[in-house]
Amino acid sequence: MRLFFPLALLVMLGASCTDDAPTTVSVNQLFWINHKDSEMPVLLSGNEKSNYVVLAIQGGNFASAINNLHYFFKGTLEKNFLVAYWDQRYTGLSLNRNIPADIPLAQFTEDALLVVRELKARYPEKKLILFGQNSGGLLVSQFITNAAHQGLYDGWIIQNGITTNGFERFQLLRTDLIARAQRLQLNGNTAWRDSLVWMQQLTFNATTRNRALERRFNALVATLWEEDPNIADFGPFLQEPPYFNSADKARINTNGTLPIQRVIENHLYFFNQDSQINAIARPGLLLWGSLDSAFPLSYANAFKDKLGTRATLVVYPDAGQEAWGTHTQRYAGDVTAFIERIN
């Protein structure tokens, strides 16, 4: 059942003109998508006179597009674009009931389709750009690889997110972790040396899952990250934005304990096969901080290789997951230039 509850908590309209930005009409409005035991908020903020609306999705534990991305983008991207910040089910400020033991990836795509259709209905004249960071990138890549969705968006951006299937992800992450361990000279530790030898000898099958092997691999990765934080480098910055209020902080933290990881473990092994990637018809931008070990640069390189000229890869060599904070002006310029090329 699909029900929309528009809720204008705060609408601020005001015209301003500066030398480096177009005339703007600022909007700050919240509405809700109510679907299958979840109420998911969408915050509209930024330049409503823009020809573009950017659907911003953040993922992962304790992540809220409304609280986090809005905080970082309000002084940069919102000057030129209208941004719709969506907190998907089980994350951020969403309200959830009857959480299932297993959460199918298709449910998130179904939710995204509702949000996209609502934005298209509200702004039929605007170009729609999908933006996903962290596991929000997983949702964007899942959406754009569906052939039926190609007429619903005009471009996409993924920043340090999941773009590869589980088979590739294990191979790429293993290679990255071994290289990092060698750079950190961890081979002198007997336990580490034995673990790394085991990782090097691993064989994953592209068509058949070995869940026991996957669990052992994931547990080893977690152990490596716990024992040496240098190998679990998510990069500099990692600033926690201020919360709107204590109630919002409590809800974000509660949702942060929900089992998003089960989606990744249960449904990503056969995700984004080559035949699905071939369906992508709209231009894309991959933004990557190369210091991030959770989503290593090899993820982006593998996705870019398959997409060819359909995607542009921008690498921030001394950044992690939050290039918007460490490379603020360059980051905003890269995103703005890409979006404004979409006609």
Side-chain angles (χ1 to χ4, degrees), residues 1-5 30-43 55-69 84-121 128 130-153 156 158 161-167 169 209 211 214 218 251-273 275-277 279-280 295:
M1 184 176 184
R2 179 185 177 190
L3 296 172
F4 290 100
F5 295 94
L30 185 73
F31 68 90
W32 296 81
I33 302 292
N34 198 14
H35 184 57
K36 289 186 178 177
D37 290 327
S38 284
E39 296 176 35
M40 298 167 283
V42 181
L43 174 66
L55 174 56
I57 312 168
Q58 195 172 15
N61 293 340
F62 308 102
S64 167
I66 290 175
N67 195 76
N68 299 1
L69 294 184
Y85 301 96
W86 170 40
D87 279 1
Q88 53 190 301
R89 67 175 60 231
Y90 315 132
T91 66
L93 294 167
S94 63
L95 299 171
N96 306 281
R97 300 174 297 276
N98 301 324
I99 301 168
D102 184 36
I103 308 165
L105 184 58
Q107 181 59 68
F108 291 90
T109 311
E110 181 181 300
D111 295 339
L113 186 58
L114 295 180
V115 179
V116 165
R117 285 175 173 166
E118 176 66 8
L119 292 174
K120 298 287 284 185
L128 177 63
L130 306 178
F131 172 94
Q133 188 259 352
N134 201 289
S135 56
L138 156 66
L139 182 50
V140 169
S141 60
Q142 174 75 357
F143 191 91
I144 64 178
T145 52
N146 189 320
H149 295 164
Q150 298 312 302
L152 297 176
Y153 70 99
W156 55 271
I158 295 176
I162 298 175
T163 52
T164 63
N165 59 56
F167 168 68
R169 179 170 163 264
R209 297 190 66 172
R211 289 180 182 263
E214 293 173 29
N218 287 331
R251 190 190 309 172
I252 291 170
N253 287 339
T254 297
N255 281 338
T257 65
L258 295 175
I260 293 298
Q261 188 65 28
R262 289 205 303 260
V263 178
I264 297 174
E265 293 175 355
N266 292 342
H267 301 284
L268 284 199
Y269 201 83
F270 303 111
F271 162 78
N272 271 7
Q273 298 296 304
S275 59
Q276 295 170 299
I277 292 174
I280 300 174
F295 303 98

Subject >> Test side-chain contact (heavy atoms from CB on, under 4.5 Å) applied to I280 and W156, step by step >> reply: CA-CA 10 Å; I280 300 174; W156 55 271; 3.7 Å; yes

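Under a 3.5 Å cut-off, the side chain of N34 and the backbone N or O of M40 do not form any donor-acceptor pair. Of the possible donor and acceptor atoms, one in the side chain of Q150 sits under 3.5 Å from a partner among the backbone N and O of I144. With hydrogens and angles ignored, the 3.5 Å screen pairs no side-chain donor or acceptor of T91 with any backbone N or O of D87. A donor-acceptor pair under 3.5 Å is absent between the side-chain atoms of S38 and the main chain of N96, judged by distance alone. Listed for the N146 side chain is a donor-acceptor partner under 3.5 Å among the backbone atoms of A148. Here the side chain of N255 pairs a donor or acceptor atom with the backbone of G92 at under 3.5 angstrom.
Remark: Q276 engages T145, Q273 in a side-chain contact (heavy atoms from CB on, under 4.5 Å) (not counting sequence neighbours). For Y153, there are no ring-ring contact (aromatic ring centres under 6.0 Å, His included) partners, not counting sequence neighbours. Partners of F295 according to the ring-ring contact (aromatic ring centres under 6.0 Å, His included) rule, which considers only residues two or more places apart in sequence or in another chain, do not exist here. Residues passing the side-chain contact (heavy atoms from CB on, under 4.5 Å) test with A112, sequence neighbours excluded: W86, L139, F143. With sequence neighbours excluded, the residues that form a side-chain hydrogen bond (donor to acceptor under 3.5 Å, both in side chains) with E39 are R97.
Applying the salt bridge (Lys or Arg N to Asp or Glu O under 4.0 Å) test to every pair with at least one member in residues 105-116, sequence neighbours left out, gives these pairs: K36-E110, R89-D111.
The shortest non-hydrogen separation linking A65 to A56 is CB-O, 3.7 Å.
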